[in-house]
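Sequence lines set the chain letters: A, B, ... in the order given, protein chains first and strands last, and positions in each chain run from 1.
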There are 2 protein chains.
Amino acid sequence: MRRDIFQAIADPTRRAIIALIALQALTPNAIAEHFQTSRQAVSKHLRVLTECELVTQQQHGREIHYSLQLERLQEVDHWLSQYRNLWETRFTQLDQVLSTLKNQKK
Amino acid sequence: MRRDIFQAIADPTRRAIIALIALQALTPNAIAEHFQTSRQAVSKHLRVLTECELVTQQQHGREIHYSLQLERLQEVDHWLSQYRNLWETRFTQLDQVLSTLKNQKK
DNA sequence: TATTTGCGAAACCGATTGGTTGCACATAAA
DNA sequence: TTTATGTGCAACCAATCGGTTTCGCAAATA
């Protein structure tokens, strides 16, 4: 199934999981300990995150360590960048208004 | 109802609406013309966007113009910034590794 | 070998989602 | 005044979501 990263980060639990594994890879059980939910529910979230390649798996014996693919978040950053330009332009325009007013005073 | 901005931008149609009204305010009818969906469906999306204060309404006679609240997107930007630090740190660390190798060569 | 542990997958369930159609109600135009 | 237009809202519906419980299987442990 084709997954969308925006839909993946829409769920607060999934954002919490992302925060958890940002610094170190964790197993589903280790992640589930941080929530009042079952390991299976966490596994379903990890499945969604895996499907949009936000996390990857490393198998160690019977344990599976999930780690965050930080660079995938740049897709969100890229989407945001078009609007970042806009709001920075807005500030630039405000600056221009202010400096125009300043010059008129002189 | 309390709305979440991440859930608001999860839907592709809503992201398209955001892109449409980023530059100029539009009416529901004008927005609906860009999609193969009913005006009422667009209205429901606008309701979601309004509830999380991503858009605001300006009434002009019987028309209602919806415009984007650009600065609300900074909430996403802020969430992203913690990870942006991480991926920039990662590059910095890579740079350090490279320069260490370079120095060892000398 | 027998048992425990870590995991994914499947079946199920209530709540939510995104769409529709059909209204009611203002405002603008004839 | 009568008619047309722009809109929000409610009712309905199939699909999806996020959770649970139950299961099967491979790997570690006794």
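For the pair A/R47 and A/E51, the salt-bridge criterion is met [side-chain N within less than 4.0 Å of a carboxylate O]. B/D4 has a carboxylate O that lies under 4.0 Å from a charged side-chain N of A/R15, or vice versa, which qualifies the two as a salt bridge. Look at B/R72 and B/D77 and you find no salt bridge, because none of the NZ, NE, NH1 or NH2 atoms lies under 4.0 Å from a carboxylate O.
Spacing between atom CZ of B/R47 and atom C1' of C/dG18 amounts to 13 Å, rounded to whole angstrom units. If you measure from atom CG of B/L49 to atom P of C/dT17, you get 13 Å, rounded to the nearest angstrom. Put simply, OH on A/Y66 is 15 Å from P on C/dG6, counting in whole angstrom units. B/Q36 has its CD atom 15 Å from the C1' atom of C/dT20, to the nearest Å. Following rounding to the nearest Å, B/R14 (CZ) and C/dG19 (P) show an atom-to-atom distance of 8 Å. Look at CG on A/D11: it is 12 Å from C1' on C/dT16, rounded to the nearest Å. The separation between A/Q7 atom CD and D/dG18 atom P is 7 Å, rounded to whole Å. In this entry the distance linking CZ of B/R3 with C1' of C/dT17 reads 9 Å, nearest Å.
Between B/L80 atom CG and A/W79 atom CH2 the span is 10.5 Å, to the nearest 0.5 Å. For the atom pair CG (A/L73) and CG (B/L86), the distance works out to 9.5 Å, reported to the nearest 0.5 Å.
For C/dG18, the OP1/OP2 oxygens have no side-chain nitrogen or oxygen of B/T13 closer than 4.0 Å. Taking 4.0 angstrom as the limit, A/T27 places none of its side-chain polar atoms (N or O) nearer than this to OP1 or OP2 of C/dG6. Of the side-chain N and O atoms in B/H45, one or more sit less than 4.0 angstrom from OP1 or OP2 of C/dG19. For D/dT7, the OP1/OP2 oxygens have a side-chain nitrogen or oxygen of B/N29 closer than 4.0 Å. Note on B/T37: every side-chain N or O is 4.0 Å or more away from OP1 and OP2 of C/dG18.
With C/dG8, D/dG8, D/dG6 as the choices, the nucleotide that has an atom nearest any side-chain atom of A/P28 turns out to be C/dG8.
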Would you give me the side-chain donor-acceptor pairs under 3.5 Å for residues 21-37 of chain A, sequence neighbours excluded?
unit_1: A/T27; atom_1: OG1; unit_2: A/A30; atom_2: N; d: 3.2
unit_1: A/H34; atom_1: ND1; unit_2: A/A30; atom_2: O; d: 3.0

Side chains of residues 60-69 of chain A: which donor-acceptor partners sit under 3.5 Å, not counting sequence neighbours?
unit_1: A/E63; atom_1: OE1; unit_2: A/H65; atom_2: NE2; d: 3.4
unit_1: A/S67; atom_1: OG; unit_2: A/T56; atom_2: OG1; d: 3.4
unit_1: A/S67; atom_1: OG; unit_2: A/Q58; atom_2: OE1; d: 3.3
unit_1: A/S67; atom_1: OG; unit_2: A/Q58; atom_2: NE2; d: 3.1
unit_1: A/Q69; atom_1: OE1; unit_2: A/T56; atom_2: OG1; d: 3.0
unit_1: A/Q69; atom_1: NE2; unit_2: A/E71; atom_2: OE2; d: 3.1

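Between A/Q57 and A/K44, the residue anchored closer to the 5' end of DNA chain C is A/Q57, taking for each the nucleotide with the nearest heavy atom.
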- Query: How does protein reach along nucleotides 21-30 of chain C, written 5' to 3' as B (base within reach of a heavy atom under 4.0 Å), S (only sugar-phosphate), or - (no contact)?
  - Reply: BB----BS--
